[in-house]
Amino acid sequence: MSNADENHLIAERRAKLAALRRQGAAYPNDFRRDALAADLLATYAERDAPWLEANPVRVRVGGRMMFKRVMGKASFAKLADRSGAIQLFLQKDALGAAYEAFKDYDVGDILGAAGPLFRTRTGELSVRVTGLELLAKSLRPLPDKWHGLADTETRYRQRYLDLVMNDASRTVFRARTQIVRYLRDALDALDFLEVETPMMHPIPGGAAARPFVTHHNALDARMYLRIAPELYLKRLIVGGLERVYEINRNFRNEGLSTQHNPEFTMLELYWAYSDHNELMQLIERLLHGLADSLLGTRLVNYQGRAYDLARPFRRVTVAELVLEHNAGFDPARLRDVPYLREACGRLGLAVKPSDGAGKLQIEIFEKTAEHTLLDPTFVCAYPAEVSPLSRSNDADPFLTDRFEFFIGGRELANGFSELNDPEDQAARFRAQVARHEAGDDEAMHYDADYIRALEYAMPPTAGLGLGIDRLVMFLTDSPSIRDVLLFPQMRPEA
RNA sequence: GGGUCGGUAGCUCAGUCGGUAGAGCAGCGCCCUUUUAAGGCGUUGGUCGUGGGUUCGAGCCCCACCCGACCCA
């Protein structure tokens, strides 16, 4: 940006920076803090003005100046650091030339200040500044101190400004880290091993989704950003690691919405000698623990509605929900393709000629039932047709031992007993390839090495995928996935 | 992809019937030694998202496009 493009506010600050450069180092790096604002406020919360007078506590604090009030020969300012903010009191008598320099400092500048703590007339713990230093000049003015930064586009594109201005935003991202740490600690305690598997796949697998495509020059090979780590993690189960998990990004080449970002974070875990029922119990335990540790209550408020996580989570099948939400649906014809096709037509659903009863059921379920699943609900017994990696149900091979978990009408998790029969898996891959060739670009590819791995035998295993972003949204009362991603995907600026 | 709403000063926002672009905060100058959105006086600051069109005249009306939010698919 040329100077001609800058407004007078920036021009004035740039002139002040130029003056600083003439005086010496404009960006000093020798100031050291010995205290954080919130620690001081907490430590001396009970100390009154006379005590602080009698027991001088000298501190060195640093941070961004968030307000500045000059009243002639005395001034107040507030310094914000990562913990919070503390007020400074500055007097000409005590500071001399540094006081005159301070009057040229701007809100937004990074300052270092030293001096004893005291209480103002109104009782606010403050630093009576005896030494002051400008550490980094802010050339651009901050948003309005009272209204803050409200423009959503700027909040997402310039997240640093959002973090400077909005406490609530900082709180959300701290909570996100706490949630991920809680999950790691809980799984580590269960003797799960955290692993890293490839983000670049020669064959996209593990989910039904369109991938991002890239190219490896040295190998002259097409590569895909992973849509899921599933097939790699299960290779590790074959390898005998028995309990593994990965918390990392997946990439799906799909639209953006309040629920979808092209890159999003999943927890995937694989648990040998377990099954989908134990996964449901695990989810319930994890959600209880998260609510307890993060919120201190199992009564979660999300977007104005109360969710009582202490009540047992509902369990219901796909078929039951289709019947529940489609009055007059003939329960005897749940697997009758022409009947289902007709029902889809009435609902305005576009179906493919290749869609079978399982796929059609799921279309109807998603259209009519999914959004109604507000309280925590496990939807069980997904059709095999839409579950190419799940173990078939022993009593009814039309179904699999699979569930999805919903809160607030949104899918939060997907879990199942893993298909460890290599011949069944090979047949399912072949069916997926046929769908792909019939034009379904979300259908899976045939992964020969994965079949080879299963042929060495994979123990009976349960596997779970948990959407971290949506979990964080729920636990932080955030309406959009962009509110829980530090840098959500945006169209490039013009 | 469709619909609704929005884009005006650094920030938050007004802008009437189409008739000289405004306020608060921030900034700049002066005053002010315990403020709490400090206060007082004065004052600078505009590609009204972009490009066309209608009109004597467009922030406002029409068309196209860009960016964003939300809803729907």
Side-chain angles (χ1 to χ4, degrees), chain A residues 1-2 4-16 41 48-49 52-53 64-80 85-96 98-100 102-109 115-130 137-162 164-166 254-261 303 344 347-351 363 366-368 370-371 409 478-483 488-494:
Chain A
M1 179 181 279
S2 71
D5 295 331
E6 294 181 352
N7 65 47
H8 68 103
L9 295 171
I10 295 177
E12 281 153 6
R13 291 177 179 219
R14 222 175 261 287
K16 290 176 182 176
L41 296 178
D48 60 14
L52 290 166
E53 197 72 29
R64 189 184 296 276
M65 180 159 64
M66 297 305 290
F67 77 67
K68 176 189 173 194
R69 259 172 229 138
V70 176
M71 297 167 300
K73 297 181 180 64
S75 297
F76 288 93
K78 188 153 266 188
L79 282 197
I86 190 163
Q87 184 169 261
L88 307 181
F89 180 56
L90 308 98
Q91 290 169 295
K92 182 170 186 170
D93 292 350
L95 284 163
Y99 186 79
E100 294 307 311
F102 166 77
K103 289 204 279 187
D104 274 342
Y105 295 174
D106 293 294
V107 170
D109 289 351
L117 293 175
F118 79 110
R119 282 196 188 277
T120 64
R121 277 179 195 162
T122 56
E124 180 166 349
L125 189 73
S126 307
V127 179
R128 189 186 299 276
V129 177
T130 56
K137 183 73 195 164
S138 171
L139 294 175
R140 292 175 179 271
L142 292 177
D144 183 278
K145 66 181 173 185
W146 183 244
H147 298 98
L149 177 63
D151 182 67
T152 49
E153 186 172 353
T154 307
R155 286 186 49 228
Y156 297 149
R157 287 195 195 275
Q158 296 180 260
R159 182 66 85 185
Y160 42 89
L161 268 188
D162 180 41
V164 166
M165 300 305 298
N166 295 323
E254 292 161 2
L256 289 76
S257 76
T258 51
Q259 314 299 323
H260 298 88
N261 196 66
Q303 300 296 294
C344 286
L347 291 166
L349 294 165
V351 298
E363 292 286 342
E366 287 179 352
K367 173 79 174 183
T368 60
E370 188 172 300
H371 65 276
S478 300
S480 170
I481 195 170
R482 297 186 190 97
D483 296 323
Q489 193 62 238
M490 302 285 281
R491 206 176 288 271
E493 284 184 90

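Here is how names work: the chains are called A, B, and so on, in the same order as the sequence lines, proteins then strands, and each is numbered from 1. Below, each value reflects all heavy atoms present in this structure, side chains not excepted, and no hydrogens, waters or symmetry copies.
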Who does [N] pair with, Watson-Crick or G-U, both distances under 3.5 Å?
N     : result
B:A73 : none
B:G29 : B:C41
B:C5  : B:G68
B:C60 : none

Does the side chain of A:Ile86 come within less than 4.5 Å of A:Leu117's, by heavy atoms?
-> yes
Looking at side-chain heavy atoms only, is the closest gap between A:Pro143 and A:Leu161 below 4.5 Å?
-> yes
Going from NZ on A:Lys16 to NZ on A:Lys137, what distance comes out if it is rounded to the nearest 0.5 angstrom?
-> 5.0 Å
Looking at CG of A:Asp104 and CD of A:Glu12, how far apart are the two atoms once the value is rounded to the nearest 0.5 Å?
-> 10.5 Å
All heavy atoms of A:Phe102 vs all of A:Val70, minimum pair found to be CE2-CG2, 4.2 Å
Distance below 4.0 Å between [X] side-chain N/O and [N] OP1 or OP2:
X        : N     : answer
A:Lys145 : B:A26 : yes
A:Lys367 : B:A73 : yes
A:Lys16  : B:C28 : yes
A:Ser257 : B:C72 : no
A:Arg491 : B:C66 : no

Just how far, in rounded Å, is [atom2] of [N] from [atom1] of [X]?
X        : N     : atom1 : atom2 : answer
A:Lys73  : B:C32 : NZ    : P     : 5 Å
A:Tyr156 : B:G6  : OH    : P     : 19 Å
A:Arg13  : B:C11 : CZ    : C1'   : 12 Å

Comparing A:Thr154 with A:Phe76, nearest RNA chain B nucleotide closer to 5' gives the residue A:Thr154
Of the nucleotides [options], which one has an atom closest to the side chain of [X]?
X        : options             : answer
A:Asp144 : B:C67, B:C11, B:A26 : B:C11
A:Arg128 : B:U12, B:U34, B:A26 : B:U34
A:Arg157 : B:G27, B:C32, B:G68 : B:G68
A:Asp151 : B:G10, B:U12, B:U33 : B:U12

Just call it for A:Met165: base, sugar-phosphate, or nothing, with non-hydrogen atoms closer than 4.0 Å on any strand.
-> nothing
Euclidean distance for C1', B:U20 against B:C11 (whole angstrom) = 26 Å
